[in-house]
Amino acid sequence: QVQLVESGGGLVQPGGSLRLSCVASGSILRINAMGWYRQAPGKERELVAGITSGGSTNYADSVKGRFTISRDNAKNTVYLEMNSLKPEDSAVYYCNADIKRVWGPARDYWGQGTQVTVSS
């Protein structure tokens with residue numbers, strides 16, 4: 001019943017910018033922490049950025065100073081603004097959220113992923 005829908009991925013040249021969005025919908029009682037992960041070809045999935053319900057953030061060292069995570073609680077939406085993109089940022093980006101449903105325990109939910117390709 002809970003679904004995370006991502007948008008904003010695509011092909012961009014090095015130095016360019018993209019803004020990813022993820023909207024949660026369904027029988028949601030409460031959304032706790034939200035975050036963005038990525039998985040590059042041949043590599044393990046890694047945390048890119050996370051944000052608590054109160055707005056506290058954390059970032060991977062590789063993106064610190066270039067990426068910004070934010071959320072709009074009224075819209076059940078989390079964003080990832082990506083600037084000064086590098087080829088090594090190319091990956092499938094996944095939205096994640098810790099959600100308490102109206103009926104059921106809280107658990108993590110994942111989006112389907114959106115492809116970000118940084119190439120000239």
Side-chain angles (χ1 to χ4, degrees):
Q1 294 187 40
V2 172
Q3 186 177 34
L4 303 181
V5 179
E6 300 158 318
S7 62
L11 175 64
V12 64
Q13 293 186 332
S17 299
L18 285 173
R19 187 179 190 240
L20 306 182
S21 299
C22 175
V23 180
S25 61
S27 56
I28 298 171
L29 179 63
R30 181 181 66 252
I31 301 179
N32 301 312
M34 306 183 79
W36 290 94
Y37 292 72
R38 69 185 181 188
Q39 187 166 20
K43 297 184 178 180
E44 296 182 350
R45 187 175 300 187
E46 64 174 347
L47 175 67
V48 177
I51 184 168
T52 68
S53 60
S56 297
T57 60
N58 66 286
Y59 299 90
D61 288 340
S62 60
V63 307
K64 197 169 298 181
R66 299 188 297 120
F67 291 10
T68 302
I69 188 171
S70 61
R71 64 190 288 170
D72 186 333
N73 292 332
K75 297 180 179 180
N76 289 342
T77 301
V78 63
Y79 306 94
L80 185 67
E81 182 182 352
M82 304 184 292
N83 300 310
S84 301
L85 283 163
K86 306 174 181 179
E88 49 263 45
D89 293 319
S90 297
V92 177
Y93 283 71
Y94 298 91
C95 176
N96 173 266
D98 179 24
I99 296 176
K100 174 67 172 70
R101 298 176 64 185
V102 175
W103 301 108
R107 74 168 184 87
D108 280 353
Y109 292 85
W110 292 88
Q112 289 295 116
T114 183
Q115 178 70 53
V116 173
T117 303
V118 185
S119 177
S120 59

Q. How close do Asn32 and Arg71 get, heavy atom to heavy atom, and via which atoms?
A. O-NH1, 2.9 Å

Q) CG of Leu4 to CG of Asn96: how many Å apart, nearest 0.5 Å? A) 7.5 Å

**Q.** Spacing of OG belonging to Ser7 relative to CZ belonging to Arg19, to within rounding of 0.5 Å
**A.** 9.0 Å

Q | Spacing of OG1 belonging to Thr52 relative to CG belonging to Asn58, to within rounding of 0.5 Å | A | 9.0 Å

(Q) Atom CD of residue position Gln112 - does it have more than 12 heavy atoms of other residues, nucleotides or ligands inside 6.0 Å? (A) no

Q: Could you check if a side-chain atom of Arg66 sits within less than 4.5 angstrom of a side-chain atom of Met82, using non-hydrogen atoms only?
A: no

Q: State, without any angle test, whether Ser17 and Asn83 hold a side-chain donor-acceptor pair at a distance under 3.5 Å.
A: yes

Q: Would you check if Val63 and Arg38 make a side-chain contact, meaning some heavy-atom pair closer than 4.5 Å?
A: yes

Q) Is it true that a side-chain atom of Ser90 and a backbone atom of Val118 form a donor plus acceptor pair closer than 3.5 Å? A) yes

Q. Does a side-chain heavy-atom distance below 4.5 Å link Arg101 with Tyr109?
A. yes

Q.
Looking at every non-hydrogen atom in both residues, tell me the closest pair between Glu6 and Gly111 and how far apart they are.
A. OE1-C, 3.8 Å

Q. Can a salt bridge be assigned to the pair Asp61 and Lys64 using a cut-off of 4.0 Å between side-chain N and carboxylate O?
A. yes

Q | Pairs flagged by ring-ring contact (aromatic ring centres under 6.0 Å, His included) wherever residues 59-86 is involved - sequence neighbours left out | A | none

Q. Any idea which heavy atoms bring Leu20 and Gly8 closest together, and the distance?
A. CD2-C, 3.5 Å

**Q.** Minimum heavy-atom distance between Leu85 and Leu18, given as atom pair plus value
**A.** CD1-N, 3.9 Å

(Q) Check for me, please, whether Tyr93 and Val23 land in the same ILVMFWY cluster - side-chain distances under 4.5 Å, paths through other members count. (A) no

Q | Straight-line distance of Gln1 CD to Ile99 CD1, nearest 0.5 Å | A | 12.0 Å

**Q.** Which atom of Cys95 lies closest to which atom of Val78, heavy atoms considered
**A.** SG-CG1, 3.7 Å

Q | Distance-minimising heavy-atom pair for Pro14 and Ser120 | A | CD-N, 3.8 Å

(Q) Please give the remaining members of the hydrophobic cluster of Leu47, linking ILVMFWY side chains under 4.5 Å, ordered by chain and number. (A) Tyr37, Val92, Tyr94, Trp110

(Q) If I take atom CD1 from residue Ile51 and atom CG from residue Leu80, how far apart are they, to the nearest 0.5 angstrom? (A) 10.5 Å

**Q.** Trace of the side chain to side chain contact (heavy atoms under 4.5 Å, CB included) decision for Ile31 with Asn73
**A.** CA-CA 8 Å; Ile31 301 179; Asn73 292 332; over 6 Å; no

**Q.** Ser53 OG to Arg30 CZ distance, which is reported to the nearest 0.5 Å
**A.** 8.5 Å

